[in-house]
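Note sheet for the following structure.
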Amino acid sequence: MNSIEKFELTNLKIGYIVDKIDNGEIALPDIQRSFVWNTTKIRDLFDSLYKSLSIGTIILWEINKPIEYIKINLNDFKNIPNLLVIDGQQRLTSLYSIIKNREIISMNTKRTKLKIAFNPFIKKFEVSNVAIENDIYWISDISEIFGNGTYNFIENFKKDLK
């Protein structure tokens, strides 16, 4: 064997990884299982991040030539991925859907939008439901916080509380 396998430990910011998924540079190998996490696990993931707890290691495989893959991002980007997710698909898909406010393909091959709520007064995450959506003390879909409209979202949330 002429090539030497190389493994690197690199710290990447979540936003950087999510952007790479969004533009099609990170995908799944075609042998990867479907997205199977339930909303309770996604809620717990965001609670761990909020509490600055570790969410584990993500393993990405850098590929030099195109191979069969499955997109996480359902948009029609023409980019061919150069990184495939070997470990961490459930976490990355959850983060991507919430942070980018995008649909994903769930285990039953349906398009689905993940929805997690947060109450900043009691510092609690919850799976969004109708009661939470009607409660002014809850942010019923934290996806609304991320992106360019963060300031406007906060101002509107404060205004609704008055």
Side-chain angles (χ1 to χ4, degrees), residues 11-29 32-60 69-79 81 83-162:
N11 291 316
L12 301 173
K13 293 184 185 280
I14 291 171
Y16 175 82
I17 295 172
V18 167
D19 286 344
K20 292 271 188 199
I21 292 170
D22 200 42
N23 70 24
E25 293 178 56
I26 294 178
L28 304 169
Q32 187 72 265
R33 69 179 175 154
S34 301
F35 180 79
V36 296
W37 266 18
N38 63 38
T39 49
T40 303
K41 284 192 175 213
I42 300 162
R43 177 205 62 200
D44 293 347
L45 173 68
F46 278 87
D47 187 60
S48 293
L49 286 170
Y50 183 75
K51 293 175 179 171
S52 298
L53 300 174
S54 173
I55 61 165
T57 301
I58 305 292
I59 300 175
L60 301 174
Y69 63 90
I70 302 165
K71 295 190 315 181
I72 299 171
N73 172 2
L74 301 179
N75 294 329
D76 193 25
F77 284 104
K78 303 296 184 216
N79 290 340
L83 295 168
L84 297 179
V85 180
I86 301 302
D87 184 45
Q89 185 234 140
Q90 306 299 313
R91 288 168 286 159
L92 286 179
T93 302
S94 300
L95 290 166
Y96 171 73
S97 179
I98 298 293
I99 292 171
K100 291 294 186 179
N101 198 15
R102 303 271 200 269
E103 289 183 326
I104 56 160
I105 299 290
S106 63
M107 69 179 145
N108 56 8
T109 65
K110 287 186 178 177
R111 284 179 169 252
T112 186
K113 168 62 182 83
L114 305 176
K115 204 168 172 186
I116 300 299
F118 180 69
N119 184 316
F121 302 98
I122 59 174
K123 298 178 180 168
K124 182 178 180 182
F125 287 88
E126 196 53 73
V127 176
S128 194
N129 59 45
V130 174
I132 286 173
E133 288 175 1
N134 293 321
D135 187 332
I136 63 168
Y137 296 104
W138 281 88
I139 298 167
S140 64
D141 184 357
I142 61 172
S143 293
E144 297 174 23
I145 297 172
F146 300 101
N148 296 332
T150 303
Y151 177 78
N152 288 335
F153 174 83
I154 293 169
E155 289 304 308
N156 290 335
F157 183 74
K158 290 185 336 188
K159 185 175 91 182
D160 289 345
L161 290 172
K162 290 180 181 176

What's the separation between atom [atom1] in [X] and atom [atom2] in [Y], rounded to the nearest 0.5 Å?
X	Y	atom1	atom2	result
R43	N38	CZ	CG	9.0 Å
L45	T40	CG	OG1	12.5 Å
D19	I26	CG	CD1	9.5 Å
I139	I145	CD1	CD1	4.0 Å
L74	I105	CG	CD1	5.0 Å
W138	K124	CH2	NZ	5.5 Å

Step-by-step side chain to side chain contact (heavy atoms under 4.5 Å, CB included) determination, L60 to V85: CA-CA 5 Å; L60 301 174; V85 180; 3.8 Å; yes
Taking the side chain from [X] and the backbone from [Y], do they hold a donor-acceptor pair closer than 3.5 Å?
X	Y	result
Q32	Q89	no
S128	S140	yes
S97	T93	no
E25	N79	no

If the condition is salt bridge (Lys or Arg N to Asp or Glu O under 4.0 Å), which residues does K51 pass it with, not counting sequence neighbours? D47
Apply the test side chain to side chain contact (heavy atoms under 4.5 Å, CB included) to residues I14 and L49: give CA-CA distance (whole Å), side-chain angles for both, the deciding distance (0.1 Å), then the verdict. CA-CA 10 Å; I14 291 171; L49 286 170; 3.7 Å; yes
Flag side-chain contact, heavy atom, 4.5 Å: [X] against [Y]:
X	Y	result
I122	Y137	no
L84	Y69	yes
F46	L95	yes

Taking all atoms of both residues into account, what is the closest heavy-atom pair of [X] and [Y], and its distance?
X	Y	answer
R102	K100	NH1-O, 3.0 Å
S94	Q90	OG-O, 2.8 Å
N73	I21	CB-O, 3.2 Å
F146	I142	CD1-O, 3.4 Å

Ring centres under 6.0 angstrom apart (Y50, F118): yes
Can you tell me if OH on Y16 sees more than 12 non-hydrogen neighbours from other groups inside 6.0 Å?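 No, because the 6.0 Å sphere around OH of Y16 holds 12 heavy atoms or fewer from other groups.
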Looking only at side chains, do S143 and K113 share a donor and an acceptor under 3.5 Å apart? yes
Applying the side-chain contact (heavy atoms from CB on, under 4.5 Å) criterion to L92, which one of L28, V18, D87, I58 satisfies it?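 Running side-chain contact (heavy atoms from CB on, under 4.5 Å) over L28, V18, D87, I58 with L92 returns exactly one hit, I58.
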